[in-house]
Every structure is written in structure tokens, then in C-alpha cells.
Amino acid sequence: MSAETASDVGILGAGVSGILMGMQLRRAGLHDFIIHERLADVGGTWFRNTWPGLCCDVPSHLYSYSFAPNPDWSQLYADQAEIQRYLRACADRHDLPRQTRFSTTVESARFDEDTCTWLLEDSAGNRTRHRMVVSATGGLTEPNLPRIGDFEDYRGIYWHSGAWRHDVDLAGKRVAVVGSAASAVQVVPQVARRAAHLTVYQRSPNWMLPRNNRPYTDTERAAFAADPGVWRRHWRDLYRRSMLWHRVYSRIPRGVEELRRTCLDQMRAAIPDPARRALLTPDYEPGCKRILVSDDYYPAFALPHVDLVASGVTAMTPTGIASADGQRRDFDVVIFCTGYKLGGRADGRPAVEVYGRDGLRLANAIARRPEQYRGIATPGFPNWFTICGINGSAAYTSLFASAEIHAEFIARMAGRIIGGELRSIEPDADATTAYSAALQERLQRMSWAGDCTNFYKNRAGRILSFHPGTAGEMRRDLRSDDGSGWHVA
């Protein structure tokens, strides 16, 4: 095991939030930090995932750091490669790769009450002590394959969309795509262009808005670069459009009806067969599940070589798939678009085992009381912050907006700790419970509490993913925080 080193701040993850935290610390004049990243480069999900058609559901100019706009986005909705280039450029501009330990997984973090520091141990044997730690790992990192028996029974090729096999040519092959949610709506049109025959297994349909993607003209990009006011007006227009989503999530009837009409009009325009349209039409209210965005998913189902099976997969067979409709179908390739594990690892364990005051395990604390104060901190874990934690994200707009609100506050706390004003800070347990209860009261009136299965809520029906308000409300609340909900020493 290597000798122990020390650094003021440890950041877990070099994705959108980790890069942001590093930049905010630099902007605050705080330079003694280490970013711990298990991948070989920055970018997080935009470096790791490379399936064909991968594109952001949020407009490019919203999916950017507000203090690092990119006037040269090539299209309204950027693809994976362009987003990754943007994130890498931001990291390089602030010299973050030099302070990042790549290809190294932090295995554990333990709070030392005597020194009021966190000791991190990673897979390379490094032991690093930090006065403060910021978790920016994200919640959906490990591909999830369904529990359908022995995959080894299948003699063909299969993979998860999150681990795409670029070495396999789908031309002339019989292909199955299992799943119909966020990654599937991007994968299916691409596979349909190559495969001889495509069958999509859909357990439940989704509400889907048109992306209406288009390239920016040279004139537009030049105007964004030359005049910040032009860029700002475009940004505001995009943000105002995103508020439709918030009206839907808030169950405002006019917003719900507008979204429903837009989705169904798109489907009717693309698919002439009413029976197929019926299979693709959800039976739950818009916003209960994730609202999807695509221009080419519905048109794929008008192609003669694309089939839709509205039944779940029950087992793999030696030659293909058995489904809940009692049918067995043969395939050369099976692609699973079945989401990610919430735990962070293949076995469901957290990405990092974290032990706070008195040896309290973070995973146990969250399981017992699934709540965080302001979406960023947990009682019993001093000087440990999470970006976009429980109820810490505004659902209707870019993750960048919520992450910036949190990183701004965390950087301010880092300055107080490193500057010697504070030795430790952690949220009060009663204040955290009261804060969470107030949010849950509002959240239970929103679309995510509806009658559908989604990953936003736990088995008890508590909605854990989102904040019920706007990004503006989140920002005002944190900037005006009076400290009464925190224990400081």
C-alpha cells in the first residue's frame, strides 16, 4: 500500500458535476484538490456511453455551464461526441486533468473524528486524506441486465446499450432490442437502418415529444460568439420552452393536454397503422414516467422490417428470446436497453462505501431515512457533500442548472473550512426530516406520484429524484440559507 497523501478537497467523479466542482473551486481561489475518476478520461456518462444515435434530450445551449457558454454548438441538440469534446475543453481550460487520478476507483471513505478528515482508499492502494469530500458520481452508472435466467443459454451475440459492441456489424442480421425507454428510442432508429429485421420488445410505452433537431447556421453561431446578448436571448427562449415540462410535472391541465396532443400528433403523422399506434400509446398520465424526446423513433415503426412486441422478455433461449406473450423468436443479436442499476456497482452496492460519524454506513443511513438536507448533505457525515443528491435536481431543465446551484454553495463552504472559519459542518437530523417532509408533501401532488412504475420513487412511494420547484427556487433557497439547519464546529 502506498504512503498516505493529503489534499484539502476530494471530488469523486469527473463527469458533468465533478468537472463543475473543480472549476468552481478554481474560481473561488481554492486549488488544493484531487478528482478521483474510475474511467480513463473526463466526461462521465458522455465518455462511457457511445451507442449509435446517442444525443442529449436537453438543448445544447442549456446543457452547458452558465459561465462557460459554447457559441459554436453545431446543432440544437448535441450528440455524445460533441458534448464530450465540450466537457474535455472545459476541464482542460481549468487544468483539471492534471489534478485527476484516472482509471482508479475509490473503494472506501471513512471519517476520522479526531482529525475531522476523510480517509479515502482506492483500487490502486492510494490512501488520501481530505478535509472535505464532494460526491459527484451520479446515481446511474452500472448497466442493468434483466433477471431472465441464464444468458449463457443464448448462442448469439448480446450486449447492453451502455457497453456498445462497435465491432459487430448489424447488416443482414435479425436483431432484437429489449426495452423502449430513453436509450432504446435512440438505438432503435439506428439499428433499423442496418438490420435485415428488427424486433422491439416493449413492456410499456412512453410519452414522446418531437426533438425537432436542426443544425445551427454559420450566421447563428457567429452571432452567438460576437454578441453575448444574442446568445442570452436564445438561452432564455429555450428555457421558457422547457417550462412546459414543469407544467406537466405539476399537473397543470393545460400543460398536460398540450404535451399529450403534441405527442399523439407526432405519432399519427409517422405511423399509419392504428393498431400499432394503440400499442405505442401510454395508458398513464404524461409525466408519470420519464418524458422522452425523438424525431425518428416513431418513423422506425412504419418500416416493413420492424416489428413491435408489447410483452416483456421472460427468458433467453439458445436461438433467441421467449416473451410473456408465449412466443419464441430467433435472433442473431440481442441488445438490451434496460437502464442502469441505482446502487453504483454490478452487485448493487454503492459506488463507494462511506462510513461517517461513529462508523455509520452511508448506504444504511439512506436506506433507513431516504432524505438529504437541501439535496446535498446527510446527518452524521460532516464535510461530505453530494451534488444533485436526494430531491436535489430540478426535473424540467438541464442537470447543469441544479449542479451549479449546489456547487456554488459547496464551494462557499469549502472556503470557510479551508480558510479556518469552520472545522466541520453537517445538517441537523430534525431539520433534514422537516425539510424532506415539506418536499414530499409537494411531490405527492406531482406527476411522478401517479399510477405507473418508475425509478423516481421508492417502494414506500417517496419520490427521491427531484425537487418539486424550479431551479430559481432552489437557487434562492440555498443563497438565503441562514445556517439554522446545520451543525457547525
Side-chain angles (χ1 to χ4, degrees), residues 56-59 62-63 77 138-140 180-182 185 204-212 235-267 281-294 339 342 370-372 374-375 387-406 435-458 460-478:
C56 189
D57 286 353
V58 177
L62 293 183
Y63 204 76
Y77 292 84
L140 304 174
S180 58
V185 303
S204 63
N206 298 277
W207 291 104
M208 188 178 315
L209 286 167
R211 190 184 302 276
N212 294 324
W235 186 96
R236 287 174 179 165
D237 181 55
L238 294 173
Y239 184 81
R240 281 195 295 269
R241 293 183 202 175
S242 75
M243 290 300 292
L244 168 63
W245 298 55
H246 186 62
R247 293 194 294 273
V248 172
Y249 296 144
S250 301
R251 288 175 162 169
I252 296 174
R254 183 178 297 178
V256 173
E257 181 54 33
E258 179 182 348
L259 185 138
R260 186 193 304 272
R261 183 177 63 253
T262 303
C263 293
L264 294 179
D265 285 350
Q266 178 190 211
M267 187 193 303
T281 301
D283 60 1
Y284 55 86
E285 66 176 301
C288 188
K289 291 178 181 283
R290 178 175 175 177
I291 299 169
L292 304 181
V293 181
S294 176
L342 289 173
E371 55 195 31
Q372 288 182 310
R374 305 291 191 190
I387 295 181
C388 296
I390 295 174
N391 299 134
S393 299
Y396 65 95
T397 190
S398 167
L399 171 71
F400 282 72
S402 302
E404 283 194 25
I405 293 165
H406 287 171
Y435 173 81
S436 179
L439 291 190
Q440 289 300 319
E441 183 180 357
R442 295 170 61 186
L443 286 163
Q444 293 304 317
R445 299 194 296 268
M446 301 190 77
S447 64
W448 309 303
D451 187 18
C452 73
T453 301
N454 62 45
F455 63 83
Y456 303 139
K457 56 190 176 185
N458 65 8
R462 293 175 64 92
I463 297 164
L464 304 181
S465 298
F466 299 129
H467 188 282
T470 65
E473 178 186 340
M474 289 176 58
R475 183 178 295 106
R476 288 189 297 272
D477 286 349
L478 265 181

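- With rounding to the nearest 0.5 Å, the separation of OG in S436 from CZ in R374 is 12.5 Å.
- Here OG of S398 is found 11.0 Å from CG of L238. Values are rounded to the nearest 0.5 Å.
- With hydrogens and angles disregarded, a donor-acceptor distance shorter than 3.5 Å links the side chain of Q266 to the backbone of M208.
- Using a 30° and 60° split on the angle between ring planes, W448 and F466 fall in the tilted class, from 30° to 60°.
- Proximity of S250 to M446: side-chain heavy atoms (C-beta onward) are separated by under 4.5 Å at one or more points.
- The nearest pair of heavy atoms linking L399 to C388 is CD1-SG, 3.5 Å.
- At least one donor-acceptor pair under 3.5 Å links the side chain of K457 to the backbone N or O of G450.
- For S393 against M474, the heavy-atom pair with the smallest separation is C-SD, 4.3 Å.
- The minimum heavy-atom distance linking Y249 with I291 is given by the pair CE2-CD1, 3.8 Å.
- Nearest heavy atoms, G287 versus S447: O-OG, 2.9 Å.
- You'll find the side chain of L478 reaches within 4.5 Å of the side chain of H406, heavy atoms only.
- Here the closest heavy-atom approach between residue H467 and residue L439 is recorded as NE2-CD2, 4.0 Å.
- One finds the CG atom of L464 at 4.5 Å from the CG atom of N458 (value rounded to the nearest 0.5 Å).
- L443 and I463 make their closest contact through O-CD1, 3.4 Å (heavy atoms, listed as atom of the first residue, atom of the second, distance).
- To the nearest 0.5 Å, atom CD1 of residue I405 and atom CZ of residue R476 are 9.5 Å apart.
- Counting only distance, with no hydrogens or angles, the side chain of R442 and the backbone of A438 share no donor-acceptor pair below 3.5 Å.
- Within the model, atoms CZ of R254 and CG of L244 stand 12.0 Å from one another, a figure rounded to the nearest 0.5 Å.
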So S465 and N391, side chain to side chain contact (heavy atoms under 4.5 Å, CB included) or not? Walk me through it. CA-CA 5 Å; S465 298; N391 299 134; over 6 Å; no
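- Looking only at side-chain heavy atoms (C-beta outward), R462 and Q440 come within less than 4.5 Å of each other.
- Residues D57 and R211 are in side-chain contact: their nearest non-hydrogen atoms beyond the backbone lie under 4.5 Å apart.
- When side chains are defined from C-beta on, L62 counts as touching W235, because their heavy atoms get closer than 4.5 Å.
- Using a distance-only test at 3.5 Å, with no hydrogens or angles considered, no donor-acceptor pair links the side chain of E371 to the main chain of Y435.
- Separation of atoms CE (M267) and SG (C263) is listed at 7.5 Å; rounding is to 0.5 Å.
- In this structure, the side chains of W207 and Y284 come closer than 4.5 Å at one or more pairs of heavy atoms.
- In this structure, Y239 and Y396 have perpendicular ring planes: the angle between them is above 60°, well past the 30° mark.
- At least one side-chain heavy atom of N454 sits less than 4.5 Å from a side-chain heavy atom of C288.
- Counting heavy atoms from C-beta outward, S180 and V185 have side chains that stay 4.5 Å or more apart.
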